Amino acid sequence: MQSQPVFNHRWLPWLLLLPQLAITLVFFLWPAAQAVWQSFLMEDAFGLSTEFVWFENFSVLLQDEIYHRSFATTFIFSIGVTALSMGGALLLAVMADQVIRGARVYRTLLVWPYAVAPAVAGVLWMFMFNPSIGILSYLLEQLGYDWNHFLNGDQAMLLVIIAAAWKQISYNFLFFLAGLQAIPRSLIEAAALDGAGPMKRFWTILFPLLSPTSFFLLVINVVYAFFDTFGIIHAVTQGGPGGSTSILVYKVFDDGFNGLDLGSSAAQSVILMAIVGALTVVQFRYIERKVQY
Amino acid sequence: MLRKTVGALTLSVMAAQVQAATEIQWWHAMGGELGEKINEIADKFNASQDDYQVVPVFKGNYTETMTAAISAFRAREQPHIVQVFEVGTATMMAAEGAVYPVYQLMEDTGQAFDPRDYLASVTGYYTSNDGKMLSMPFNSSTPVLYYNKDALAKAGVEPPKTWEEMGEAGRKLLEAGYDCGFTTGWQSWVQLENFSARHNVPFATENNGFAGLDTELAFNSPLHVKHVQQLADWQKEGIFSYGGRRSDSAPKFYSGECAMYMNSSASYAGVKNNAKGFEFGVAQLPTWGEAIEQPQNSIIGGATLWTLQGHDKDDYKGVARFYSFLSSPEIQADWHQFTGYLPITHDAAELTREQGFYAQNPGTDVAITQMTSVTPTANSKGLRLGNFVQIRDIINEELENVWSGKDSAEAALNRAVERGNKLLRKFERQNG
């Protein structure tokens with residue numbers, strides 16, 4: 001007696017897979033292949049004259065100090081966003097975990113920013129910090145601090161980091177909270193009875209037990225900072241002033257659409273593809289390791 | 001309910017398609033009031049005849065509009081007419097086979113057309129090296145000097161005609177208690193590009209790029225270095241105050257902090273609305289008296305209309321008729337007076353004068369005088385440089401290093417030239 005239904009059709013699995021395969025092919029593989037092809041070409045904007053140049057677009061990029069600087073910018077930006085959004089989320093999660101009354105309300109409010117579109121989030125922060133009309137820049141000025149992220153590259157960087165981290169905190173918060181709630185209460189209570197204070201309990205029990213969650217979030221946040229923050233940069237600084245917030249993914253757009261240099265833009269997106277590929281490998285390796293926990 | 005809505009939508013789409021007149025697509029970058037004015041112009045043209053229907057479509061800012069048109073061209077869905085800003089000129093001009101030059105369009109369609117009707121200093125930017133008009137000027141402006149009349153009177157100075165006088169005026173303004181003498185918008189456009197034109201020195205070789213793609217930047221000459229170094233020294237004294245890229249420095253003038261401000265003639269309306277609490281005047285851009293006696297004309301910024309290839313012959317007759325309509329004195333004079341952009345024909349300027357507009361709005365004619373009082377030379381005709389958007393960014397970065405005191409004018413300008421030349425070589429390679 002067999003309890004499981006059996007499908008003998010050879011084509012049915014393929015048929016069921018077909019829609020997803022078609023979408024992957026049309027919206028992912030095909031454009032990716034086009035980007036690879038374009039990265040070998042040197043072309044005018046209208047595509048009237050095309051020259052096949054092998055790896056020249058790449059070699060020019062690797063010698064370009066602006067591209068190097070964009071790498072450094074992306075590095076600083078990613079570290080900033082990841083540290084701020086994970087640190088903030090962990091703090092909020094630990095606090096929300098201890099709340100007993102109205103816990104749901106707090107959680108809902110904390111998850112809220114995740115629903116805000118990146119561009120909208122960017123515009124929000126841009127208005128608050130606008131040097132002429134922003135409420136926060138006005139307050140800073142009252143405190144004697146001159147805020148002008150249109151001129152000051154460091155301030156511009158700080159602003160986009162805050163805006164990007166703010167949006168990601170909700171996501172991290174959810175995972176940290178779930179991680180915390182999975183930790184048996186008995187462990188914490190036992191430690192409390194042994195006389196461990198809240199800080200000691202956090203660092204010796206909660207934090208180590210959260211490490212799988214933390215590592216997973218680290219990868220997710222770096223990927224987020226690398227690729228999903230385009231909308232915020234575009235809305236707040238447009239890569240400026242003087243390229244000081246021009247992260248790699250923004251430079252792809254800027255060189256392709258503003259500079260109309262499709263070859264170089266495609267080469268940059270191929271390099272980005274390689275980076276995201278490497279990050280995905282790291283992530284899968286990690287998840288496999290996590291299974292053994 | 002849903003079905004009704006869908007039905008109504010389908011009907012309205014169908015209604016829009018049922019039209020006997022040939023449609024002419026016009027993609028533009030004019031939002032807000034300017035966009036409404038564009039719709040008004042198109043409506044007037046559509047009402048004036050039955051054969052063609054001009055459909056203006058707002059496509060976002062200048063960059064977005066240009067990119068949209070280029071992508072559309074690559075997908076063979078291009079509009080007939082697209083508005084392109086002046087820094088995109090070299091890209092458009094290099095695209096032979098994609099653009100339909102205006103002189104040829106007018107010739108092929110038998111539309112009456114005399115290039116001499118147009119202001120040479122406006123069309124010069126958009127003509128080929130042998131003097132053929134390639135695109136239809138639409139909204140052009142040129143930098144002028146705005147000054148705070150009250151502040152200048154208090155300090156006892158006249159609006160400066162030369163940079164030497166500018167220095168003295170600035171010093172007197174500081175003595176009279178002002179924080180800053182002058183500021184500038186669009187530093188590359190005003191302090192280097194127009195500076196070169198006014199002093200009749202090249203901004204780039206090969207007639208500023210008109211004569212060939214092998215052009216090289218030349219704005220590191222002793223005169224340029226001297227000017228930028230002087231501005232940097234004045235910045236230390238407080239005579240000059242840098243207020244950011246584009247028009248970010250405007251509030252410094254509006255608030256009365258800086259007594260003088262150099263920016264586009266199309267900023268007139270903005271200055272008029274925002275300069276509260278003081279009278280303002282308009283003067284020509286100053287020049288170094290020791291370097292040139294009779295200053296050359298300034299050059300323009302703004303955008304023009306380019307015709308794209310790939311449509312039916314009959315469509316282009318409509319485009320040509322529309323261009324003639326657009327150039328008519330009435331339409332031009334109205335556009336000029338409403339927007340502050342320069343008129344593109346002599347007749348339109350004349351008509352505006354006759355209508356008493358310049359008398360009622362003193363200072364609005366300064367730009368035209370500055371543009372037309374002399375014959376343009378190879379150095380003041382305009383600029384045709386590939387990758388110009390990025391080159392301007394480089395200039396901005398390097399100049400900011402000078403203003404902040406990190407670098408000398410000479411080192412910064414040399415580096416800007418070197419970095420910019422790399423982009424020019426790349427453009428030459430891509431378009432050669």
Side-chain angles (χ1 to χ4, degrees), chain A residues 34 38 41-53 56-57 59-61 63-67 69-70 130-133 137 146 148-156 234 237-246 250-251 253-267, chain B residues 60-64 66-76 78 87-88 90-92 94-99 213 242-246 248-251 254-255 308-309 386-394 396-401 403-404 419 422-423 425-432:
Chain A
Q34 273 188 321
Q38 187 81 50
L41 303 178
M42 211 174 252
E43 219 177 31
D44 72 296
F46 283 86
L48 298 168
S49 69
T50 306
E51 190 189 344
F52 189 83
V53 293
E56 195 181 324
N57 284 323
S59 64
V60 169
L61 270 180
Q63 286 162 19
D64 183 5
E65 55 180 86
I66 297 174
Y67 194 57
R69 210 175 63 189
S70 181
N130 185 297
S132 319
I133 56 169
S137 54
D146 185 20
N148 189 347
H149 66 264
F150 290 140
L151 285 181
N152 186 320
D154 296 335
Q155 291 178 356
H234 193 48
T237 62
Q238 297 181 2
S244 54
T245 52
S246 181
Y250 193 78
K251 201 168 144 42
F253 162 80
D254 199 33
D255 287 353
F257 286 82
N258 293 335
L260 297 169
D261 186 352
L262 296 181
S264 173
S265 175
Chain B
N61 66 30
Y62 280 137
T63 332
E64 286 160 358
M66 183 171 171
T67 317
I70 289 175
S71 330
F73 182 85
R74 294 179 78 121
R76 296 174 205 284
Q78 69 271 35
V87 290
T91 305
M92 299 303 287
E96 280 173 37
V99 301
L213 288 171
Y242 176 63
R245 297 180 182 187
R246 296 178 294 271
D248 289 348
S249 51
Y254 298 159
S255 65
L308 295 178
Q309 297 272 20
N387 289 326
F388 200 25
V389 183
Q390 295 96 311
I391 292 177
R392 270 198 181 161
D393 274 346
I394 290 175
N396 280 329
E397 279 174 36
E398 297 296 349
L399 284 181
E400 278 167 0
N401 285 338
W403 309 146
S404 64
R419 287 173 65 189
K422 275 190 199 160
L423 289 173
R425 293 294 71 74
K426 191 166 193 180
F427 186 79
E428 183 183 9
R429 175 110 183 261
Q430 285 164 340
N431 291 277

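Every chain is numbered from 1, with letters handed out A, B, ... down the list of sequences. Computed over heavy atoms, backbone and side chain alike; hydrogens, waters and symmetry mates excluded. Please read all numbers here as calculations on a predicted model, not as lab measurements.
With a 4.5 angstrom heavy-atom cutoff, B:N387 touches chain A only via side-chain atoms. For A:E51, the part sitting under 4.5 Å from any heavy atom of chain B is the side chain, from C-beta outward, and nothing else. Using a 4.5 Å cut-off between heavy atoms, A:T50 does not touch chain B at all. Only the side chain of A:I66 comes within contact range of chain B, judged by heavy atoms closer than 4.5 Å.
Residues passing the side chain to side chain donor-acceptor pair (under 3.5 Å) test with A:S246: none are found, sequence neighbours excluded.
The two residues B:T63 and A:F257 have their closest heavy-atom pair at CG2-O, 4.0 Å. When every heavy atom of B:R429 is checked against every heavy atom of A:V53, the shortest pair comes out as NH2-CG1, 3.6 Å. Of all the heavy atoms in A:L262 and B:R74, the pair that sits closest is CD1-NH1, 3.1 Å.
In this structure, A:D261 CG and B:F427 CZ are separated by 10.5 Å, a value rounded to the nearest 0.5 Å. Atoms CG and CD, from B:N431 and A:E43 in turn, are 10.5 Å apart once rounded to the nearest 0.5 Å. Atom CD1 of B:I70 is separated from atom CG of A:L260 by 4.5 Å, given to the nearest 0.5 angstrom. Rounded to the nearest 0.5 angstrom, B:K422 NZ and A:Q63 CD are separated by 8.5 Å.
Among the candidates B:E400, B:R419, B:E397, the residue making the largest number of heavy-atom pairs closer than 4.5 Å to chain A is B:E397. If you tally non-hydrogen atom pairs under 4.5 Å between each of A:S49, A:A45, A:G256 and chain B, the highest count goes to A:A45.
In B:E96, the CD atom is not crowded: 12 or fewer heavy atoms of neighbouring residues, nucleotides or ligands sit closer than 6.0 Å.
At distances below 3.5 Å, not a single donor-acceptor pair connects side-chain atoms of B:T67 with backbone N or O atoms of A:N258.
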